[in-house]
Structure formats: structure tokens, C-alpha cells
Amino acid sequence: MKIKKIMFYSVPRKEADTCSCCGKSICNIYNVTSVEGELFKFGTTCFHKVMKDRLKSFQAKEMNKALESIKCYCERVKEWETMTEEKYSETHCDKPWENYEDITTFEQYKSWMLTEFFPYRLSLAEKTIEKYSKIDF
């Protein structure tokens with residue numbers, strides 16, 4: 001399998017899926033799309049084991065860094081989809097939307113985060129993943 005795209009998400013135990021590698025129930029899922037369009041779901045342990053067996057040390061480090069970024073940004077997108085200004089204010093004391101000319105409200109800022117910021121950051125991590133798409137996993 002040659003990797004085209006990787007996404008990460010977590011689900012509650014009652015919504016667990018099955019690992020494509022070992023068949024065990026998984027809640028932390030790496031959704032891997034191959035260049036052929038096939039979808040595989042791996043638990044974190046199996047995915048890291050498969051990666052470790054196929055990559056050199058420096059490649060594994062770079063890939064792990066990209067995977068952590070993907071995991072982090074996927075989790076943040078999920079948070080931001082339900083974010084409210086009140087919820088944001090509970091954990092942040094700044095209001096970044098006050099520093100932009102085009103963004104004047106929290107809702108505009110939220111929209112920008114979901115449509116521009118996170119997709120851009122995910123695309124950077126995916127470019128790193130693309131470097132390894134020729135490696136057969």
C-alpha cells in the first residue's frame with residue numbers, strides 16, 4: 001500500500017472501529033487512504049509498528065512529527081467546530097479577531113480557523129506524508 005493521505009481521529013469506546021492490521025477494536029484511529037483509493041483504519045500501535053518496519057530512523061522521525069501535527073490539527077478542528085465565543089474566552093484572554101481588518105467578530109475568526117488556518121496546516125503535514133508515498137507499507 002502506498003499512502004496518499006492520513007487523517008487521525010478519536011471516537012468514544014461505543015463507536016470503536018476495527019484495526020485493518022490486527023482486527024482489534026480501536027478508538028484512536030489513523031485513517032489511511034492509499035494512492036489506489038483504498039481506505040485502511042489502523043490503531044496507533046499497529047500504524048507506528050508498520051511505519052517503523054518500513055522507514056529509516058530519520059524518516060520515521062519526520063513522519064512521526066507530521067503524524068503528530070495531523071493528529072493535533074484534526075483534534076483542534078473537532079474542538080473548533082463546536083467552539084463558542086464564551087467557551088473560547090474561558091481558556092484564552094486575547095481576542096485575535098480584534099487585530100485584523102477583515103476579521104471583526106468571533107464567528108468570522110472561527111470560520112477563518114476552520115476554512116483557512118487548519119486546512120493550510122494540515123496540507124503542510126500532508127506534504128511531508130506525500131514524500132513517503134512511494135514507500136510500500
Side-chain angles (χ1 to χ4, degrees):
M1 162 184 73
K2 295 181 188 303
I3 296 174
K4 178 180 181 181
K5 184 175 183 173
I6 299 174
M7 295 303 289
F8 176 87
Y9 60 94
S10 293
V11 295
R13 186 171 272 328
K14 64 183 178 186
E15 297 174 28
D17 215 325
T18 304
C19 180
S20 298
C21 183
C22 68
K24 290 183 180 177
S25 179
I26 52 175
C27 294
N28 295 312
I29 304 166
Y30 281 104
N31 236 8
V32 179
T33 306
S34 71
V35 293
E36 294 84 21
E38 296 174 287
L39 179 65
F40 299 91
K41 296 179 180 187
F42 292 99
T44 54
T45 304
C46 285
F47 185 76
H48 288 292
K49 182 180 178 201
V50 168
M51 263 188 22
K52 184 180 176 189
D53 293 344
R54 305 291 191 290
L55 299 173
K56 294 180 178 148
S57 172
F58 74 93
Q59 293 172 320
K61 285 179 185 175
E62 184 177 40
M63 181 80 126
N64 281 331
K65 186 176 178 184
L67 289 171
E68 283 302 312
S69 292
I70 288 171
K71 178 181 175 183
C72 177
Y73 290 125
C74 288
E75 289 170 348
R76 294 300 155 274
V77 165
K78 197 172 184 177
E79 276 179 30
W80 272 89
E81 287 172 343
T82 60
M83 185 69 70
T84 63
E85 188 169 356
E86 294 76 30
K87 201 157 118 180
Y88 180 87
S89 296
E90 289 173 8
T91 56
H92 299 79
C93 58
D94 65 331
K95 294 183 178 182
W97 54 91
E98 294 177 347
N99 299 323
Y100 298 100
E101 288 181 23
D102 299 350
I103 301 173
T104 57
T105 67
F106 172 78
E107 287 303 317
Q108 290 174 328
Y109 183 69
K110 176 181 173 178
S111 177
W112 174 78
M113 292 291 283
L114 291 170
T115 60
E116 295 182 41
F117 179 77
F118 291 124
Y120 174 73
R121 292 299 194 148
L122 281 165
S123 73
L124 293 178
E126 287 171 354
K127 283 181 184 177
T128 300
I129 301 295
E130 283 177 28
K131 290 184 355 184
Y132 301 105
S133 65
K134 291 180 175 52
I135 296 173
D136 199 6
F137 284 86

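- Expressed to the nearest 0.5 Å, how far CG of D17 lies from NZ of K24 amounts to 15.5 Å.
- Pairing each heavy atom of K41 with each of N31, the nearest pair is CG-OD1, 3.2 Å.
- Atoms CG and NZ, from L67 and K71 in turn, are 10.0 Å apart once rounded to the nearest 0.5 Å.
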Report task. Kindly indicate, with the supporting measurements, whether the criterion salt bridge (Lys or Arg N to Asp or Glu O under 4.0 Å) is fulfilled by E68 and K65. Result -> CA-CA 5 Å; E68 283 302 312; K65 186 176 178 184; over 6 Å; no
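- H48 and F42 have their aromatic ring centers separated by at least 6.0 angstrom.
- In K61, the NZ atom is not crowded: 12 or fewer heavy atoms of neighbouring residues, nucleotides or ligands sit closer than 6.0 Å.
- In this structure, Y109 and Y88 have perpendicular ring planes: the angle between them is above 60°, well past the 30° mark.
- The distance from atom CD1 of I6 to atom CG of L122, rounded to the nearest 0.5 Å, is 12.0 Å.
- Taking each heavy atom of M83 and K110 in turn, the nearest pair found is O-NZ, 3.0 Å.
- For Y73, there are no ring pair (Phe, Tyr, Trp, His ring centres under 6.0 Å) partners at least two apart in sequence or on another chain.
- Side-chain contact of E107 with S111: a donor-acceptor pair under 3.5 Å is absent, judged by distance alone.
- Checking T44 against N28 by side-chain atom types alone, no donor-acceptor pair falls below 3.5 Å.
- Residue S10 comes nearest to E75 through the heavy atom pair OG-OE2, 4.5 Å, listed as atom of the first residue, atom of the second, then distance.
- Shown here for E62 and T128, the closest heavy-atom pair between the two residues is CG-CG2, 3.6 Å.
- W97 and F106 have perpendicular rings, their planes meeting at more than 60° on a 0 to 90° scale where under 30° would count as parallel.
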Requested in this report: Determine, stepwise, if the pair K87 / T82 fulfils side chain to side chain contact (heavy atoms under 4.5 Å, CB included).
Outcome: CA-CA 9 Å; K87 201 157 118 180; T82 60; 3.4 Å; yes
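- Of all the heavy atoms in C19 and G43, the pair that sits closest is SG-N, 3.6 Å.
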Query - I29 vs V11, side chain to side chain contact (heavy atoms under 4.5 Å, CB included): CA-CA, chis, key distance, verdict - result: CA-CA 8 Å; I29 304 166; V11 295; 4.1 Å; yes
